Colleague: 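Encoded as structure tokens, here's the structure I'll be asking about.
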Number of protein chains: 2
Amino acid sequence: MIMNRKCILRLSRYKNALKRLKALGFVKVFSGNLADAAGVTSSQVRKDFSLFGITGNRRGGYKVDELINRIREILGKNEIQKVVIVGVGNIGNALLHYKGFEAGGIHIVAGFDIDPAKYQRHAEVPILPLDEFQSFVQENDIKVGILAVPDVAAHHVSEIMIAAGIKGILNFAPIQLRGAEDVIISNINLEVELENLIYFINAAGKTGVLSPVEDE
Amino acid sequence: MIMNRKCILRLSRYKNALKRLKALGFVKVFSGNLADAAGVTSSQVRKDFSLFGITGNRRGGYKVDELINRIREILGKNEIQKVVIVGVGNIGNALLHYKGFEAGGIHIVAGFDIDPAKYQRHAEVPILPLDEFQSFVQENDIKVGILAVPDVAAHHVSEIMIAAGIKGILNFAPIQLRGAEDVIISNINLEVELENLIYFINAAGKTGVLSPVEDE
DNA sequence: CAAATATTGTGAAATAAATATCAATATAAG
DNA sequence: CTTATATTGATATTTATTTCACAATATTTG
Ligand SMILES: NC(=O)c1ccc[n+]([C@@H]2O[C@H](COP(=O)([O-])OP(=O)(O)OC[C@H]3O[C@@H](n4cnc5c(N)ncnc54)[C@H](O)[C@@H]3O)[C@@H](O)[C@H]2O)c1
Ligand SMILES: NC(=O)c1ccc[n+]([C@@H]2O[C@H](COP(=O)([O-])OP(=O)(O)OC[C@H]3O[C@@H](n4cnc5c(N)ncnc54)[C@H](O)[C@@H]3O)[C@@H](O)[C@H]2O)c1
């Protein structure tokens, strides 16, 4: 079953939306409700579900709890959830101390840096020397890492991460990292995002063109 | 000229790649070089350029400096570059103190919060009470804002921002914000990104499917 | 200077993604 | 119990995006 990235991203969003709907007291939802909450069309919701074999009840919609569980299962949340961070500076630190991932079952288990001033071996989430990266990752069977080092170090660090067995990297450095064969890399480039906003604001001002509201 | 978001995002990436190539001493590039650096195909590069009327020299490629300038011009970097941040917590603070945007001509000019403990009226980048948001934004003609408040406050704050005249929002709260007619919103959802990585790692482990390496 | 070659620029073709349509059917109403 | 109605699920259609293919044309080579 070949599934594209965009579709999986939407699944995650559906799950988030469902959690909010559940908090509002919803027990069942229709594709239209979910579409509104997630900012897509109802056709899109049903199409995505059909791709994954998620079925509802004709005329009865979907049961919220069942749906959340089904999506959880598909997203594999029970199999890998430990994540490490390399580069505990501004952004690495913010992520390291963010509590919001826990609710979704994602645990930040350690940070790594080369600056001895950052080391905190006995903190709740320890910050360790990069030298210990490989052994830590292998002992703890970590597969996902966040890369938050300066751009000049990013390529080098990514190679260390991949060599240690990391299979997925969320990269904040403003360079386009190339993954190895079986490594998936997600590049978050905030400057590019800001430039993009600026472009569309200018374009709208000049030409009256309506802005696209979706992400991708 | 109707241009889609994806294409503009790629333009930004080309510009980043070009800056790196320039730093490496490149004076001219071929579409293939740029494609490699930006992680796309050479056809894609040429197609994008043709869409914007960017021309090179048959057999001679493109001059790096000219190309950077041309893209800068298209992205409108000289028209809007002041950005404010609402919510100066973990992530807002990291962004507020990030120096990397300056090189690209994007200036973070102020932060806003509702927690008096955060106020720093006389700092280089002042942190001000949210009450002053509207007047500040209007006086300084700000069009772009970063939203980094807790999810429960995000919708409310986005309305304040839009009411004050903000036209582009980079949202870090894990909810799908809906923009008004002429407001463009870019949602950065890091948990969704991590879940996505986890999904593809699991999928690859189970089925041997090759992972997609591009973002979108 | 002529011939060979590499690269652009673009229209056509292929692929992928989103949306619309509608028969099937579960639920609700009478 | 029967009929009316709303919603799913699957297929068809449309739209968007990417890739291909190749003529046009600078540049380099002999
Ligand atoms: N902070 C932001 O808001 C922001 C915004 C956009 C992009 N980024 C990008 O994110 C990355 C991190 O930004 P930051 O502001 O947190 O930087 P920072 O300088 O605050 O932190 C970088 C950290 O990485 C560590 N480091 C350096 N080289 C290392 C190596 N080889 N191995 C391990 N650790 C190493 C440093 O000791 C430091 O602690 C940069 O690439 C930056 O361009 C940051
Ligand atoms: N920190 C991270 O690594 C991270 C990761 C992913 C997502 N996020 C999201 O980013 C947002 C910010 O996260 P954070 O960790 O920085 O949170 P935080 O709690 O550290 O900071 C939030 C800040 O917003 C301020 N605030 C609250 N209500 C406000 C209001 N109505 N108006 C103005 N300011 C207000 C608070 O005083 C605080 O300073 C959250 O929505 C969070 O889910 C954060």
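Every chain is numbered from 1 and lettered A, B, ... according to where its sequence line falls, protein lines coming before strand lines. Since the model is a prediction, treat every value here as computed from it, not as a measurement.
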Colleague: Kindly indicate whether the side chain of B:Arg58 and the base of C:dT8 share any N or O donor-acceptor pair separated by less than 3.5 Å?
Modeller: yes

Colleague: Between atom CZ in A:Arg59 and atom P in D:dT3, what is the gap in whole Å?
Modeller: 17 Å

Colleague: Would you indicate, yes or no, if D:dT27 has its OP1 or OP2 atom less than 4.0 angstrom from a side-chain nitrogen or oxygen of B:Asn57?
Modeller: yes

Colleague: Looking across every strand, which nucleic acid part, if any, lies under 4.0 Å from B:Thr55 by heavy atom: base, sugar-phosphate, or nothing?
Modeller: sugar-phosphate

Colleague: To the nearest Å, how far apart are B:Leu51 CG and C:dG9 P?
Modeller: 13 Å

Colleague: Regarding A:Arg13 and B:Asn189, do their side chains bring together a donor and an acceptor under 3.5 Å, going by distance alone?
Modeller: no

Colleague: Give the rounded distance in Å between these two atoms: CZ of B:Phe52 and P of C:dT10.
Modeller: 14 Å

Colleague: If I take atom CG in residue B:Leu34 and atom C1' in nucleotide C:dT7, what distance separates them, rounded to the nearest angstrom?
Modeller: 14 Å

Colleague: Between B:Tyr62 and B:Asn57, is there a side-chain donor-acceptor contact under 3.5 Å, judged purely by atom types and distance?
Modeller: no

Colleague: With respect to the side chain of B:Ser50, which nucleotide from D:dA26, C:dT10, D:dA6 is positioned closest?
Modeller: C:dT10

Colleague: Please encode protein proximity along nucleotides 14-22 of chain D as a string of B, S and -, counting only heavy-atom distances under 4.0 Å.
Modeller: ---SSBBB-

Colleague: Mind checking if B:Tyr62 touches a base, just sugar-phosphate, or nothing, with heavy atoms under 4.0 Å?
Modeller: sugar-phosphate

Colleague: Given B:Ile169, which partner from the list B:Ile184, B:Ile162, B:Val86 fulfils the side chain to side chain contact (heavy atoms under 4.5 Å, CB included) test?
Modeller: B:Ile162

Colleague: Are A:Phe52 and A:Phe49, when compared by the centres of their aromatic rings, separated by less than 6.0 Å?
Modeller: no

Colleague: So if I take every side-chain heavy atom of B:Phe30 and compare against C:dT8, D:dA10, D:dT27, which nucleotide ends up nearest?
Modeller: C:dT8

Colleague: Could you state the NZ-P distance from A:Lys28 to D:dA6, rounded to the nearest angstrom?
Modeller: 13 Å

Colleague: Rounded to whole Å, how long is the line connecting atom CG of B:Leu67 with atom C1' of C:dT8?
Modeller: 13 Å

Colleague: Using 4.0 Å as the upper bound for N to carboxylate O, is an ion pair formed by A:Arg70 and A:Glu73?
Modeller: yes

Colleague: Assign A:Ser31 to base, sugar-phosphate, or nothing according to its heavy-atom contacts below 4.0 angstrom with the strands shown.
Modeller: sugar-phosphate

Colleague: Between the side chains of B:Arg72 and A:Glu195, is the shortest nitrogen-to-carboxylate-oxygen separation below 4.0 Å, so that they form an ion pair?
Modeller: no

Colleague: Assess whether a salt bridge exists between A:Lys143 and A:Asp141, defined as any Lys/Arg side-chain N lying under 4.0 Å from an Asp/Glu carboxylate O.
Modeller: yes

